[in-house]
Amino acid sequence: MHFVTGGAFNGKRKWVSKTYGETKWISAFQGEVLIEHLSPLNASCVVLEGVEEWLRKLSLEMDINEARNYWKSIVLKWLDWESSAEGRRLVIIGTDLTKGIVPIEKENRNWRDLTGWAYQDLAAHCNKVDIIWYGINQTIKGEKG
Amino acid sequence: MEKASLIFITGGVRSGKSRFAEDLAIQNAALTGGNLHYLAPGVASDPEMKKRIEKHKRERQQSKVEWTTWEQPRDIGELSGCFNSNDILVLDCLTTLLNNELFFNEEKWDRVFLREIHNMILTGITSLLAQSQQLIIVSNEVLQDFSQGNELVWEYSRIIGQLHQDIVNLAEQAYLVECGVPMMMKGDKE
């Protein structure tokens with residue numbers, strides 16, 4: 001799995017499109033839901049975009065620890081999917097929301113906290129992590145290039 | 001000198017990005033023999049801003065080299081006739097220029113207006129580049145905050161993000177300054 005992160009409007013989507021070309025693209029911004037099981041998609045390369053939006057929903061629906069555990073279980077399912085056939089690749093795009101002032105509202109604090117933890121859990125299982133800075137990638141985990 | 005006609009520098013508040021921009025400009029002006037120009041869109045709207053501007057000005061006056069300061073709140077392209085082809089320009093900073101452009105007319109922030117502002121700033125940058133040896137643009141890192149749910153902040157984030165992407169794309173060198181230490185994100189490392 002490949003996790004692609006960075007600040008908002010830094011060109012993450014564009015970079016992933018350029019890097020992976022034509023792929024099955026599932027976007028929270030298009031109203032699509034968080035998918036646990038990827039096999040029915042029948043694709044070898046899948047991009048999941050806007051995980052922060054799905055994490056927001058989880059943070060509203062359940063307690064933050066439950067949400068984190070649920071997230072971890074999904075990440076493991078994704079990993080299973082990827083490793084169960086040759087040539088499969090899952091790319092996950094998530095906006096970094098974690099470097100500002102503490103949000104005033106409790107629900108936004110929960111969302112932000114969950115996002116930070118979820119990205120740690122995700123990155124731990126990814127063999128590659130890139131940060132996109134105005135269109136330029138910096139590989140912080142895995143082989144460069 | 002290896003010609004890098006556009007250099008982009010960003011960083012957090014008080015990260016030393018202006019200082020780094022000025023140092024680079026001074027080094028490069030020494031090589032080209034050009035004059036140094038400081039393009040300042042900041043207007044002293046309150047005492048705190050006034051103090052900051054005065055501090056930056058004083059530092060430039062105390063430096064061994066001579067700077068010409070241009071206070072230009074909007075439409076930076078207008079200045080392009082004022083320079084020679086070997087001059088070095090520092091624009092400090094882009095976010096202030098963008099704020100001035102966005103809030104000048106109290107216009108509604110619709111897609112057409114925002115596109116116009118975006119194009120106007122890029123055109124301004126291009127014409128400054130064409131009329132000088134080098135343009136160094138200083139900006140701010142503002143996009144890793146939690147800015148969800150507010151439409152105005154969202155639109156602002158979008159336009160500054162797109163401007164930064166376009167400028168980094170045009171630039172030969174781009175730096176992120178952390179705690180006074182510049183990290184080269186784009187360009188040939190010597």
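By convention in this document, chain letters (A, B, ...) are assigned in the order of the sequence lines, proteins followed by strands, and residues within each chain are numbered from 1.
- Within a 6.0 Å sphere centred on CZ of Arg13(A), other residues, nucleotides and ligands contribute 12 heavy atoms or fewer.
- For the atom pair CD (Gln144(B)) and CG (Leu97(A)), the distance works out to 10.0 Å, reported to the nearest 0.5 Å.
- In this structure, Glu105(A) places its CD atom where more than 12 heavy-atom neighbours from other residues, nucleotides or ligands lie under 6.0 Å away.
- The aromatic rings of Tyr134(A) and Phe8(B) sit perpendicular, their planes meeting at an angle over 60°, well past the 30° parallel limit.
- Residue Gln165(B) comes nearest to Asn10(A) through the heavy atom pair NE2-C, 3.3 Å, listed as atom of the first residue, atom of the second, then distance.
- Under the 4.5 Å side-chain contact rule for hydrophobic residues, Leu79(B) and Met120(B) do not share a cluster.
- Trp133(A) pairs with exactly one of His164(B), Met183(B), Met185(B) by the side chain to side chain contact (heavy atoms under 4.5 Å, CB included) rule, that one being Met185(B).
- With hydrophobic clusters built from ILVMFWY side chains whose heavy atoms lie under 4.5 angstrom apart, Leu98(B) does not share a cluster with Phe104(B).
- Enclosure of atom CZ in Arg88(A) by more than 12 non-hydrogen atoms of other residues, nucleotides or ligands within 6.0 angstrom is indicated.
- Atom CD1 of Ile136(A) and atom CG of Leu176(B) lie 10.5 Å apart (nearest 0.5 Å).
- Linking ILVMFWY residues whenever their side-chain heavy atoms come closer than 4.5 Å, directly or via other members, places Leu152(B) and Leu114(B) in the same cluster.
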Worked check of side chain to side chain contact (heavy atoms under 4.5 Å, CB included) between Tyr156(B) and Phe9(A): CA-CA 10 Å; Tyr156(B) 185 87; Phe9(A) 303 107; over 6 Å; no

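- Contact count versus chain B (heavy atoms, under 4.5 Å) is highest, among Arg112(A), Gln138(A), Lys14(A), for Arg112(A).
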